[in-house]
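These numbers come from a predicted model, not from an experiment.
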Amino acid sequence: MARSKKSRKVGLIGVRKDPDRKPGQKRQESTPRPKKHKGKPAGNRHNVEQSENGASKRRENQDPRLGSKKPIPLVVKKTTMTTTPTQKKKFATPSEELAALEADQRLASLLDKLDDDKQLTKEQQTYVNEKMARHRILCDLLGIVEDDGEDDDEMDPLDDLDAIDINDFKN
């Protein structure tokens, strides 16, 4: 192809697309073109990014407080004792049950409190009464007699010596 020299003339280089368009007129479109966005808008680092995920919507609906959301009644209602009774241990023989009663730490501590003349709650007192009643029944079944210590005083031979009057032996 032949070489062409540069020229200072301003003119059309190619063919016009619109033959009705005149060189001084600006283009007029029915709908404006959207601007091309390059980069992020100014001040974007200070804005919190709103994600379109469903997780963010779920977070907005959640209560920010921690812990249980169960309502707590402010007025205490009187409730009857509907607690489940503790399962009693079943013993093979009365002697095993008696040994378990005598080894009961709670009963021993409550009896010590009674010996020290300390007050017991109603629940503790009923516990002691039930266990002591069962202890008496088991002792009766096994033929065990409780000694209170008074029998020893009656059988003391030295007491009989003090009761003897010497004048009875004189003629």
Handout entry: Residues forming a side-chain contact (heavy atoms from CB on, under 4.5 Å) with L142, sequence neighbours excluded
Key = P94, S95, L98, I144

Exercise for the section: Go through the structure and list residues passing side-chain contact (heavy atoms from CB on, under 4.5 Å) with R134, not counting sequence neighbours. Expected result: E97, L101, I137, L138

Fill in the blank from the handout: For Y127 and L110, the nearest pair of non-hydrogen atoms, with its separation, is CD2-CD1, 3.7 Å

Handout entry: Main-chain N/O of V75 paired to K77 side chain as donor or acceptor, under 3.5 Å
Key = no

Handout entry: salt bridge (Lys or Arg N to Asp or Glu O under 4.0 Å) contacts touching residues 101-117 (sequence neighbours left out)
Key = R106-E123

Exercise for the section: Kindly write out the residues that satisfy side-chain hydrogen bond (donor to acceptor under 3.5 Å, both in side chains) with E96, not counting sequence neighbours, or none if the list is empty. Expected result: none

Completion exercise
Taken to the nearest 0.5 Å, the spacing of E130 CD from Q125 CD works out to 11.0 Å

Fill in the blank from the handout: Distance col, row K38:NZ vs K36:NZ, nearest 0.5 angstrom, shows 7.0 Å

